[in-house]
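Comments concern the structure below.
No hydrogens, no waters, no symmetry mates; every other heavy atom, side chains included, goes into these values. Quick note on labels: first sequence line is chain A, next is B, and so on, each numbered from 1. This is a predicted model, so every value here is computed, not measured.
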There are 2 protein chains.
Amino acid sequence: MNPNEFLKHIAYDSVVFGFSGEKLKILVMKYKNTDYYALPGGFVGLEEDLNAAVRRGLKERTGLDNIFLEQFYTFGNVSRSKPEFMRAIMESNGGINESRWMLDRFISIAYYALINYNDVELRPDAISESCDWYDLDNLPELIFDHKEILEKALATLRSNLETKLMGVNLLPTMFTMKDLQKVYEAILGEKLHRGAFQRKILGMNLLKRHEKQFSGAAHKAPFLYSFER
Amino acid sequence: MNPNEFLKHIAYDSVVFGFSGEKLKILVMKYKNTDYYALPGGFVGLEEDLNAAVRRGLKERTGLDNIFLEQFYTFGNVSRSKPEFMRAIMESNGGINESRWMLDRFISIAYYALINYNDVELRPDAISESCDWYDLDNLPELIFDHKEILEKALATLRSNLETKLMGVNLLPTMFTMKDLQKVYEAILGEKLHRGAFQRKILGMNLLKRHEKQFSGAAHKAPFLYSFER
DNA sequence: TTAATATTGTCACAAATTGAGACAATAAAT
DNA sequence: ATTTATTGTCTCAATTTGTGACAATATTAA
């Protein structure tokens with residue numbers, strides 16, 4: 001897409017959560033030839049739906065379609081724009097001739113996404129050196145107000161977990177009750193009681209129970225579940 | 001504020017809730033010389049914080065400072081823009097010379113506000129004929145996607161009522177437990193049990209109890225409360 | 001072959017929360 | 001003094017949640 005075809009002053013940022021090794025992770029990109037780390041973000045085409053723009057950006061970076069995606073806040077303070085940083089990033093990428101508009105003030109619509117860690121093929125974009133997973137408790141420093149955006153995303157995720165969504169999309173299609181509990185624990189940051197957790201989740205009637213899996217471990221085999229319905 | 005000093009393609013819309021006569025009401029404005037009704041909205045100054053812009057707009061229309069205000073969603077579909085409507089509105093207001101930019105596509109950040117119905121001095125702005133309260137169940141048809149915006153505001157208000165906020169700002173400083181219950185019932189759209197409601201609210205420890213009021217009614221006088229703390 | 005170990009599915013019981021009605025207290029009208 | 005409407009609070013039942021316990025079972029060790 002041609003850069004002249006974006007809406008000025010409007011950007012999006014995405015907080016992409018994944019789950020692996022019992023830990024919650026997020027996608028962070030690093031700008032080429034700098035030490036600047038940022039959330040994956042982008043711009044909206046002149047004739048493009050906002051949500052579609054975000055999905056496009058995520059597809060480009062992760063290869064995934066049909067991501068679970070939810071908008072949670074729009075950041076619109078003047079002070080969030082830092083032209084000096086932006087200039088430095090752009091100069092490390094071959095000048096700023098064509099894209100002075102990127103130095104302007106931006107209002108950013110923030111989204112969070114839940115994706116299956118294992119399905120992803122990470123692809124850094126043109127101006128980034130890498131796009132990688134980081135443990136939530138071991139993040140590099142983020143530029144702009146991206147730390148604040150992340151924290152608000154996490155708070156929203158936590159409060160939505162109790163009501164709206166389940167661990168959707170952070171797990172493969174088939175998973176055990178224990179897997180799901182680990183996801184909940186990673187998101188909420190606390191241990192849950194096994195019996196009560198199982199009772200609550202099954203009570204929601206959103207899971208489909210499948211055949212047991214024989215994992216080879218030295219104990220009773222757990223049922224497998226999926227989110228079918 | 002000079003119209004040339006607004007960010008293009010960015011607007012806000014506000015759903016302003018008030019409470020009177022046991023009913024929930026919202027502010028709706030009517031454009032001059034048209035039959036178009038809309039939510040109060042506006043634009044963001046080039047060097048103005050987003051939240052500040054919304055507060056400015058509400059202050060102009062209601063005279064109120066320090067409104068309870070919360071952002072809940074940003075509407076960004078291409079299809080939400082209706083240049084024909086906008087053109088009609090502008091032509092009923094003395095032409096479109098200076099303000100072609102208003103025919104463009106807009107992304108709108110939506111807020112809801114809770115205010116004390118009685119404190120308000122309604123003032124229509126330059127291009128509106130009126131700015132008035134309407135019962136939630138007796139609204140005129142709204143233009144653009146404003147009906148959808150309203151419904152999402154109401155859903156957000158309902159779900160926040162149970163956790164975050166209380167009936168704050170919809171009531172005068174001093175109110176009775178029954179007043180507060182009426183607000184909850186109006187927002188949730190259902191009757192609540194008196195005893196349980198009182199127990200729950202008092203259990204939150206957010207209310208300060210004051211002297212009883214002698215209303216002149218033929219029964220035991222209720223305590224007054226305020227949100228102090 | 002039997003016993004030990006780890007983990008699972010489920011239940012039982014206690015604790016906490018919520019729903020619903022009951023009752024005395026009280027401000028004004030009769 | 002009696003009646004009426006409404007309030008503040010309480011009690012009991014119903015429901016939900018927290019916690020541990022127990023049998024079942026897949027594998028390993030003896």
Quick one: on DNA chain C, does A:F223 or B:F214 contact a more 5' nucleotide (nearest heavy atom)?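 On the 5' side of the pair lies A:F223.
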Can you measure from CD (B:E211) to CG (B:L224) and round to the nearest 0.5 angstrom?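 So the CD of B:E211 and the CG of B:L224 are separated by 9.0 Å.
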Of the listed nucleotides ([options]), which one gets closest to any side-chain atom of [X]?
X      : options              : answer
A:H219 : D:dT9, D:dA26, C:dG9 : D:dA26
B:H193 : C:dA20, C:dG9, D:dG8 : C:dA20
B:A218 : C:dA28, C:dT8, D:dA5 : C:dA28
B:K178 : D:dT9, C:dG21, D:dT7 : D:dT7

d([atom1], [X]; [atom2], [N]) in whole Å:
X      : N      : atom1 : atom2 : value
A:L202 : D:dT16 : CG    : C1'   : 16 Å
B:R199 : C:dG21 : CZ    : C1'   : 12 Å
A:L192 : D:dG18 : CG    : C1'   : 12 Å
B:R209 : D:dT7  : CZ    : P     : 13 Å
B:Q181 : D:dG8  : CD    : P     : 11 Å
A:K212 : D:dA26 : NZ    : P     : 7 Å
A:K191 : D:dT17 : NZ    : P     : 22 Å
B:R194 : D:dT9  : CZ    : P     : 11 Å

Would you kindly check if the NZ (Lys) or CZ (Arg) of A:K82 is within the cone defined by 45 degrees around the ring axis of A:F144 and under 6.0 Å from the six-membered ring centre?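 Geometry flag: not set, cation outside 6.0 Å or 45°.
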Tell me, please, whether B:Y225 has B:R209 positioned over its six-membered ring: NZ or CZ under 6.0 Å from the ring centre and within 45 degrees of its axis?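 Geometry flag: not set, cation outside 6.0 Å or 45°.
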Does A:F227 have its ring centroid less than 6.0 Å away from the ring centroid of A:F175?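 Centroid distance A:F227-A:F175: below 6.0 Å, so yes.
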Looking for any heavy atom pair under 4.0 Å, which part of the strands does A:K200 touch: base, sugar-phosphate only, or nothing?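 Since no nucleic acid heavy atom lies under 4.0 Å of A:K200, the category is nothing.
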For A:A196, which contact category applies under a 4.0 Å heavy-atom criterion: base, sugar-phosphate, or nothing?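 Base contact.
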Salt bridge (charged side-chain N to carboxylate O under 4.0 Å, His left out) between A:D13 and A:R80: does it pass, once the steps are laid out? CA-CA 13 Å; A:D13 286 297; A:R80 68 181 301 280; 3.7 Å; yes
Do any side-chain nitrogens or oxygens of A:K220 fall under 4.0 Å of OP1 or OP2 in C:dG9?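 For A:K220, the contact criterion (side-chain N or O under 4.0 Å from OP1 or OP2 of C:dG9) is not met.
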